[in-house]
Novice: 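Dropping the structure in here first, questions after.
The first residue in the sequence is number 1, and the count goes up from there.
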Amino acid sequence: MNFKTIYKNISILGIGQIVMILFAIGKSKVAAEFLSVEGIGLIFALASTIGIIGTICNFGLGTLATRDVSSLFKNDDNLFLKEISVYRLLAIVSGVLGLLLILLFSNKIGVVTFGNSEYNLYIILLCVMPLLSQYNTSQFAILQATRNFSSLTKSNIFSSFCVLLSAVFLYYYYGEIGVPYVIIASALFPVVFNTIFLGKLNIDRVRISYSTVYERFILLVKRGSFVSFANSLPNVTVYLITIFLIKEEGLITSGLFACAYTITSSFINLIISTLNPEFLSRISSQIDRNNINEHIKDQTKLVVHIISPILIILISSSSLLIRTFYNEDFLVSTSVLILLLSSIVIKTLLWVVNYIYIVMKDEILFFAVELLLSVSIYLLIYLFYPIFNLEAIGFSYLISYSLVIVVSSVLVSIKYRMNLSLNTLWNIAPNILFVFIASYLNFRGREFASSYFLITTFIASAVTSIFYLKKTLSI
């Protein structure tokens with residue numbers, strides 16, 4: 001394995017994601033300034049609602065396209081070009097399906113989400129989201145599969161900047177009325193810039209017959225439905241939590257949850273979007289099961305050692321993060337944010353292990369594991385909320401990720417004879433422990449969480465990570 005190439009690609013994607021987070025912070029600050037806590041709750045409710053429909057109609061297109069196109073890249077030019085053309089058309093067909101579903105059931109969606117039809121017009125306006133998102137997914141998959149990480153990064157940065165400018169203008173002049181238009185802008189600009197960068201690759205378009213599109217769409221539905229359902233489950237879980245909070249406490253409490261979850265998601269997206277394109281395209285090109293297992297082990301160690309020192313800094317700066325993304329009105333959600341941030345280290349392990357199901361084309365088992373995770377999170381929230389209130393959400397995510405990673409690892413070991421090995425577990429255990437120590441020291445503003453303890457924890461984690469990364473570079 002060429003670690004220098006891997007680190008180079010990760011660095012390019014990582015820089016782009018950091019810049020995108022800075023723009024996301026700007027967009028959140030603008031929203032917090034011109035909208036109330038209730039307005040933030042509205043944005044979150046609309047985005048998660050439309051996101052569920054979009055993900056269901058996605059049929060796992062992004063994952064399957066990257067897997068299939070990566071396996072043909074530089075191996076069979078004719079099939080490679082045909083596959084790209086097919087997935088572009090499938091993106092349009094599945095996107096239109098999502099658009100029609102939102103239009104047909106807009107009233108029902110509004111009543112289920114908000115308890116009334118007050119925001120139905122917003123939902124109707126957002127019907128274009130599945131089409132834009134799906135076409136963008138196909139473009140993203142092509143750039144990812146062809147290893148054009150530099151173009152992908154530039155497109156993401158330019159798109160995020162334009163979305164920020166749109167948010168400033170729309171929220172300043174139109175307030176809450178601008179919410180659906182900002183959400184649409186977040187899907188429209190990536191399509192524009194990805195189209196520009198794809199045009200520079202000079203990829204020839206291959207004419208595809210209607211019968212081929214129909215056959216491949218049916219195949220996509222069969223192959224991708226479970227991937228799609230699995231990918232939609234996190235959105236479904238958040239949607240159910242949002243509805244639960246709106247009914248129990250109102251949009252204000254939903255807004256506080258949105259604050260903690262949005263900040264956490266920003267850094268999860270930073271990690272996944274940085275590591276996923278390179279990892280998925282790399283592992284999808286592997287055929288031998290032993291090679292796949294070795295890549296999984298290396299990726300597991302790489303992920304933990306890269307993110308652990310970063311997570312310790314984020315956990316120790318949780319209050320500052322809330323003030324940076326939003327304002328002091330949201331500080332009530334600090335403890336939830338700490339718990340959600342500490343759960344990221346387990347979530348990333350689960351992310352790596354679960355990709356084995358994708359590569360082995362076992363989409364049903366992939367869906368089953370994600371379903372178990374979602375059910376566990378929601379049930380624990382339902383049980384814990386009367387005791388811990390908003391903190392119940394953080395505890396539920398952390399406990400559920402920990403349980404499911406054990407279940408998933410056992411399944412992979414039994415079914416595919418793949419495992420992380422004791423050597424891998426011993427390698428990553430210290431850094432996972434350091435993350436949880438930092439979380440414990442900061443939780444609920446403990447008085448003894450002095451800078452001395454936190455700095456010592458961070459240094460220990462950083463030294464452990466640097467030692468591993470230096471070792472792999474020498475290899």
Novice: What I'd like to find out is whether the side chain of Leu126 reaches to under 4.5 Å of the side chain of Ile102, using heavy atoms alone.
Specialist: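 No, side chains not in contact.
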
Novice: Quick one, Ile322 and Cys259 - any side-chain contact, counting heavy atoms below 4.5 Å?
Specialist: yes

Novice: So, Tyr401 and Ser376: side-chain donor and acceptor under 3.5 Å apart, yes or no?
Specialist: no

Novice: Any side-chain heavy atom of Tyr174 within less than 4.5 Å of one from Tyr181?
Specialist: no

Novice: Rounded to the nearest 0.5 Å, how far does CG of Leu46 lie from CE of Met129?
Specialist: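 Rounded to the nearest 0.5 Å, the CE-CG separation comes to 10.5 Å.
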
Novice: Using the side-chain contact (heavy atoms from CB on, under 4.5 Å) rule, pick out the option among Val179, Ile50, Val128 that qualifies with Ile184.
Specialist: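 Single pass found, and it is Val128.
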
Novice: Nearest 0.5 Å, what's the CD1-CG distance between Ile123 and Asn107?
Specialist: 8.5 Å

Novice: What pair of heavy atoms forms the shortest contact from Ile310 to Ile306, and how long is it?
Specialist: CD1-O, 3.4 Å

Novice: Determine yes or no for a side-chain-to-main-chain donor-acceptor pair under 3.5 angstrom, with Ser343 supplying the side chain and Leu340 the backbone.
Specialist: yes

Novice: Only pairs at least two apart or in different chains count here, so list each ring-ring contact (aromatic ring centres under 6.0 Å, His included) that has a residue in residues 17-40.
Specialist: Phe23-Phe161, Phe34-Tyr172

Novice: Where do Leu321 and Leu341 land on the side-chain contact (heavy atoms from CB on, under 4.5 Å) test, with the steps shown first?
Specialist: CA-CA 11 Å; Leu321 286 174; Leu341 287 172; 4.2 Å; yes

Novice: Please check this pair: side chain of Ser333 against backbone of Phe330, looking for a donor-acceptor N/O pair closer than 3.5 Å.
Specialist: yes

Novice: Identify the two heavy atoms, one from Ala167 and one from Val182, that lie closest to each other, and give their separation to 0.1 Å.
Specialist: CA-CG2, 3.8 Å

Novice: Taking Ser94 for the side chain and Ala91 for the main chain, is one N or O donor matched with an acceptor at less than 3.5 Å?
Specialist: yes

Novice: May I have the step-by-step check of ring pair (Phe, Tyr, Trp, His ring centres under 6.0 Å) for Phe193 and Phe197, ending in yes or no?
Specialist: CA-CA 6 Å; Phe193 286 106; Phe197 284 104; 7.3 Å; no

Novice: Which value, rounded to the nearest 0.5 Å, describes the distance between Leu339 atom CG and Ile393 atom CD1?
Specialist: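 Between Leu339 CG and Ile393 CD1, I get 10.5 Å after rounding to 0.5 Å.
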
Novice: Hey, is the main chain of Val345 close enough, under 3.5 Å, to the side chain of Thr348 for a donor-acceptor pair?
Specialist: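 Between the backbone of Val345 and the side chain of Thr348 there is a qualifying donor-acceptor contact (under 3.5 Å).
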
Novice: Can you confirm whether Tyr239 sits close enough to Ile243 that some side-chain heavy atom of one is under 4.5 Å from a side-chain heavy atom of the other?
Specialist: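 When only atoms from C-beta onward are counted, Ile243 and Tyr239 do touch, with a gap below 4.5 Å.
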
Novice: Strictly distance-based, threshold 3.5 Å: is any side-chain N or O of Ser308 a donor or acceptor partner for the main-chain N or O of Val304?
Specialist: yes

Novice: Can you name the nearest heavy-atom pair linking Ala260 to Leu337, along with the distance?
Specialist: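 Heavy-atom minimum between the residues: O-CD1, 3.6 Å.
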
Novice: Look at atom CG of Leu103 and say whether more than 12 heavy atoms of other residues, nucleotides or ligands are closer to it than 6.0 Å.
Specialist: yes

Novice: What orientation do Tyr119 and Tyr122 show, parallel under 30°, tilted 30 to 60°, or perpendicular over 60°?
Specialist: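 Plane angle between 30° and 60°, so tilted.
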
Novice: Please lay out, stage by stage, how Phe169 and Leu165 fare under the test side-chain contact (heavy atoms from CB on, under 4.5 Å).
Specialist: CA-CA 6 Å; Phe169 175 79; Leu165 292 181; over 6 Å; no

Novice: Would you give the length of the straight line joining atom CG of Leu22 to atom NZ of Lys27, rounded to the nearest 0.5 angstrom?
Specialist: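 It is 13.5 Å, given to the nearest 0.5 Å.
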
Novice: Looking at side-chain heavy atoms only, is the closest gap between Ile43 and Leu35 below 4.5 Å?
Specialist: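 Heavy-atom side-chain distance check passes, below 4.5 Å.
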
Novice: Looking at every non-hydrogen atom in both residues, tell me the closest pair between Gly26 and Leu164 and how far apart they are.
Specialist: C-CD1, 3.5 Å

Novice: Pair Thr242, Val238 - check side-chain contact (heavy atoms from CB on, under 4.5 Å), show working.
Specialist: CA-CA 6 Å; Thr242 302; Val238 171; 4.0 Å; yes

Novice: Could you check whether any side-chain N or O of Thr237 sits under 3.5 Å from a backbone N or O of Leu233, counting only pairs where one atom can act as donor and the other as acceptor?
Specialist: yes

Novice: For Glu33 and Lys29: C-alpha separation, side-chain torsions, deciding distance, then whether side-chain contact (heavy atoms from CB on, under 4.5 Å) applies.
Specialist: CA-CA 6 Å; Glu33 183 68 26; Lys29 291 291 287 184; over 6 Å; no

Novice: Given 3.5 Å as the limit, does a donor-acceptor pair link the side chain of Ser396 with the main chain of Ile381, or not?
Specialist: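 Indeed, once roles are kept as given, a pair shorter than 3.5 Å links the two residues.
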
Novice: Just how far is it from atom NZ of Lys347 to atom OG1 of Thr264, taken to the nearest 0.5 Å?
Specialist: 11.0 Å

Novice: Using side-chain heavy atoms (C-beta onward) and a distance below 4.5 Å, is Ser374 in contact with Val236?
Specialist: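 Sidechains of Val236 and Ser374: no contact.
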
Novice: So Ile92 and Gln134, do their side chains get closer than 4.5 Å, heavy atoms only?
Specialist: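 SC-SC contact between Gln134 and Ile92 ruled out.
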
Novice: Within the distance-only criterion (no hydrogens, no angle test), does the side chain of Thr262 pair as donor or acceptor with the backbone N or O of Ala258 below 3.5 angstrom?
Specialist: yes

Novice: Among Val406, Ile405, Val407, which residue meets the side-chain contact (heavy atoms from CB on, under 4.5 Å) test with Leu350?
Specialist: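 Exactly one pass, corresponding to Ile405.
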
Novice: Tell me, do Tyr397 and Ile241 make a side-chain contact under 4.5 Å, heavy atoms counted?
Specialist: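 When only atoms from C-beta onward are counted, Ile241 and Tyr397 do touch, with a gap below 4.5 Å.
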
Novice: Atom OG in Ser160, atom CG in Asn156: separation rounded to 0.5 Å?
Specialist: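 That separation rounds to 6.0 Å.
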
Novice: Answer yes or no: is there a donor N or O on one side and an acceptor on the other, between the side chain of Ser186 and the main chain of Ile183, under 3.5 Å?
Specialist: yes

Novice: Quick one: does any side-chain atom of Asn136 pair with a main-chain N or O of Leu132 as donor and acceptor, under 3.5 Å?
Specialist: no

Novice: Taking only residues at least two apart or on different chains, which pairs with a member in residues 242-263 satisfy ring-ring contact (aromatic ring centres under 6.0 Å, His included)?
Specialist: Phe44-Phe257, Phe44-Tyr261, Phe244-Tyr385, Phe257-Tyr261

Novice: Closest heavy-atom contact between Val163 and Ala185?
Specialist: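 Nearest pair, atom of Val163 first, then Ala185: CG2-O, 3.6 Å.
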
Novice: Does the side chain of Asn120 come under 3.5 Å of the side chain of Ser106 through a donor N or O and an acceptor N or O?
Specialist: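 The criterion, which ignores hydrogens and geometry beyond distance, is not satisfied for Ser106 and Asn120.
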
